[in-house]
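First the proteins, then the strands, lettered A, B, ... as listed; each starts at 1.
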Amino acid sequence: MGVSIRPLLEGCRHPVGFADIPGVAAIDANNALYQFLSIIRQADGTPLQDTQGRVTSHLSGLLFRTAHFLENGIMPLYIFDGSPPVFKARTIAGRRGIRQAGEERWAEALERGDTDGAYRAAMQSTRVDGAILSSGKRLLDALGVPWMVAPSEGEAQSAHFVNSGIATYSVSQDYDSLLFGASVLIRNLTVSGKRRIGGRQVTVSPERISLSEFLDTLGITREQLIRIGILIGTDFNEGIHGIGPKKALKIVRDGRFSGVMEEKAPDTDPEPIMEFFLSPPVIDEYQPEWKPPDSDSLMKILCDEYGFSPERIRPVLERIDGPQKGQQSGQMRLDAWG
DNA sequence: CGCATAGA
DNA sequence: TCTATGCGG
């Protein structure tokens with residue numbers, strides 16, 4: 001999932017709180033849905049679902065997190081993936097294989113009563129399908145929160161909006177938006193500061209990453225950062241076995257990128273990948289609009305349709321329907337936050 | 001994940 | 001006030 005440049009970010013990951021980052025958050029919607037689906041599960045891996053067996057984990061996650069954003073002056077703009085580039089096909093096929101293996105291991109773990117193993121396998125089986133996407137979009141509509149489908153990668157569109165001023169920062173767990181040029185990336189933007197990794201509870205805090213600071217710290221350009229990504233592997237190519245972030249940094253600094261690619265990955269043409277990161281298909285003109293939440297629709301969708309308890313939903317609606325009325329409802333001017 | 005509740 | 005735990009759908 002995404003490019004693994006984490007070890008290079010030492011010293012560039014600055015802790016932030018919700019209150020520190022008012023503005024328009026360009027959220028990688030597929031990434032957010034994936035996180036909710038993989039994590040919001042019972043101990044044995046069973047996701048939240050209604051009486052008909054439809055999964056509802058993502059609706060719970062979206063609702064509570066979006067409410068928290070709005071309460072803190074963060075204006076969410078959800079950006080969904082459009083058509084992947086052709087060279088992502090291998091990655092997509094690989095993920096399908098991982099999911100299928102996860103499903104099988106989940107069933108096996110349940111059979112032998114291995115709850116922890118079942119949970120981990122269930123996470124691996126996570127899939128963002130059409131039903132998840134459409135129900136998520138309907139919930140966002142009822143919340144009055146804007147969303148769009150990018151022409152191609154959502155992270156690319158997020159980066160474009162951040163750099164054109166439509167958004168203040170990009171929100172994702174992946175680092176890809178940095179390769180796409182997003183000037184600011186916020187990770188771990190969760191309410192509780194808790195995350196389950198490999199079935200274990202870990203405390204993580206929201207962090208802000210500035211692309212320019214990151215590049216300056218390493219003394220490289222964005223083109224060089226993309227070359228590092230290509231060496232270690234991106235969503236669009238496999239990467240070279242035995243080369244991690246540290247080695248890749250050295251290779252790129254030494255100007256040996258092309259040589260190493262030709263020698264170790266002769267079948268991969270880095271040019272289209274480089275080109276895709278530098279100028280991906282994106283939409284330029286877009287005016288996000290935040291509306292007051294439609295409480296009736298929200299109750300109808302969540303409680304009538306998906307079986308959420310009204311007692312759990314009502315307090316959330318009161319939180320987002322009161323304080324921000326007038327201030328944040330209606331059309332927002334982009335310069336509201338400078 | 002995020003919320004409510006319980007116990008320190 | 002804080003941390004641990006269970007539940008939600």
Side-chain angles (χ1 to χ4, degrees), chain A residues 1 15-19 21 25 27-72 74 76 78 102 106 110 115-116 118-129 131-136 138-140 142-143 145 171-174 186-207 293 297-323:
Chain A
M1 294 296 287
V16 288
F18 271 76
I21 49 172
I27 301 168
D28 181 353
N30 291 73
N31 183 265
L33 291 177
Y34 181 86
Q35 302 281 343
F36 290 140
L37 289 172
S38 70
I39 289 159
I40 303 180
R41 292 173 183 273
Q42 290 174 256
D44 68 352
T46 309
L48 301 189
Q49 47 197 313
D50 67 8
T51 49
Q52 300 173 46
R54 297 178 299 191
V55 172
T56 56
S57 297
H58 61 301
L59 299 178
S60 179
L62 262 186
L63 174 75
F64 289 113
R65 186 177 294 179
T66 302
H68 204 73
F69 282 165
L70 293 172
E71 282 182 300
N72 283 274
I74 297 173
Y78 285 88
W106 185 13
L110 282 178
T115 306
D116 288 357
Y119 187 94
R120 285 194 298 272
M123 288 180 85
Q124 299 261 300
S125 77
T126 298
R127 173 172 150 69
V128 177
D129 63 16
I132 298 293
L133 290 169
S134 59
S135 53
R138 283 181 64 216
L139 180 62
L140 291 175
L143 282 164
V145 166
V171 173
S172 178
Q173 281 306 109
D174 292 345
I186 308 278
R187 298 183 67 251
N188 304 332
L189 196 53
T190 63
V191 175
S192 63
K194 294 263 198 286
R195 177 170 294 275
R196 282 215 283 244
I197 297 167
R200 306 237 166 276
Q201 283 271 358
V202 183
T203 304
V204 292
S205 55
E207 60 189 27
S297 294
L298 287 167
M299 294 301 284
K300 234 175 248 170
I301 294 171
L302 291 170
C303 303
D304 299 350
E305 209 173 318
Y306 288 106
F308 282 69
S309 153
E311 290 71 32
R312 250 169 82 79
I313 302 305
R314 261 194 291 271
V316 184
L317 301 191
E318 278 163 33
R319 280 197 282 148
I320 58 178
D321 197 24

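- Across the protein-nucleic acid pair, Asp50(A) atom CG and dG9(C) atom P stand 11 Å apart, rounded to whole Å.
- A donor-acceptor distance shorter than 3.5 angstrom exists from the side chain of Tyr119(A) to the backbone of Ile39(A), with no hydrogens or angles considered.
- Here Pro47(A) lies in heavy-atom contact (under 4.0 Å) with a base.
- dG9(C) atom C1' lies 10 Å from atom CG of Leu59(A), rounded to whole Å.
- Taking atom NE2 of residue His58(A) and atom C1' of nucleotide dG2(B), one finds them 16 Å apart after rounding to whole Å.
- Separating the CZ atom of Arg41(A) from the C1' atom of dG6(C) is a distance of 18 Å, rounded to the nearest angstrom.
- Of the candidates dG9(C), dG8(C), dC3(B), dG9(C) carries the atom nearest the Thr46(A) side chain, counting heavy atoms from C-beta on.
- Contact check for Leu302(A) versus Leu139(A): side-chain heavy atoms found under the 4.5 Å cut-off.
- For the side chain to side chain contact (heavy atoms under 4.5 Å, CB included) with Pro293(A), the lone residue among Leu298(A), Leu317(A), Val316(A) that qualifies is Leu298(A).
- Side chains of Thr46(A) and Asp44(A): a donor on one and an acceptor on the other come within 3.5 Å.
- Separating the CD1 atom of Ile132(A) from the C1' atom of dG9(C) is a distance of 13 Å, rounded to the nearest angstrom.
- Salt bridge present: Asp50(A) and Arg54(A) bring a charged side-chain N and a carboxylate O closer than 4.0 Å.
- Minimum interatomic distance between Arg65(A) and Thr190(A) (heavy atoms only, all atoms of both residues): NH2-CG2, 3.3 Å.
- Taking atom CZ of residue Arg314(A) and atom P of nucleotide dA4(B), one finds them 14 Å apart after rounding to whole Å.
- Atom-to-atom, CD1 of Ile301(A) to C1' of dG9(C) comes out at 16 Å; the value is rounded to the nearest Å.
- Of the candidate nucleotides dG2(B), dG9(C), dC3(B), dG9(C) has the atom lying nearest to any side-chain atom of Gln42(A).
- A distance-only check finds no donor-acceptor pair linking the side chain of Thr66(A) to the backbone of Leu63(A) [under 3.5 Å].
- Between Thr190(A) and the phosphate of dG2(B), there is a side-chain N or O to OP1/OP2 separation shorter than 4.0 Å.
- As a whole-Å value, the separation of Ile39(A) CD1 from dG9(C) P is 19 Å.
- Here Arg65(A) reaches the OP1 or OP2 of dG2(B): one of its side-chain N or O atoms lies under 4.0 Å away.
- DNA chain C is contacted by Tyr306(A), Gly307(A), Phe308(A), Ser309(A), Arg312(A) of residues 303-313 of chain A, taking any non-hydrogen atom closer than 4.0 Å.
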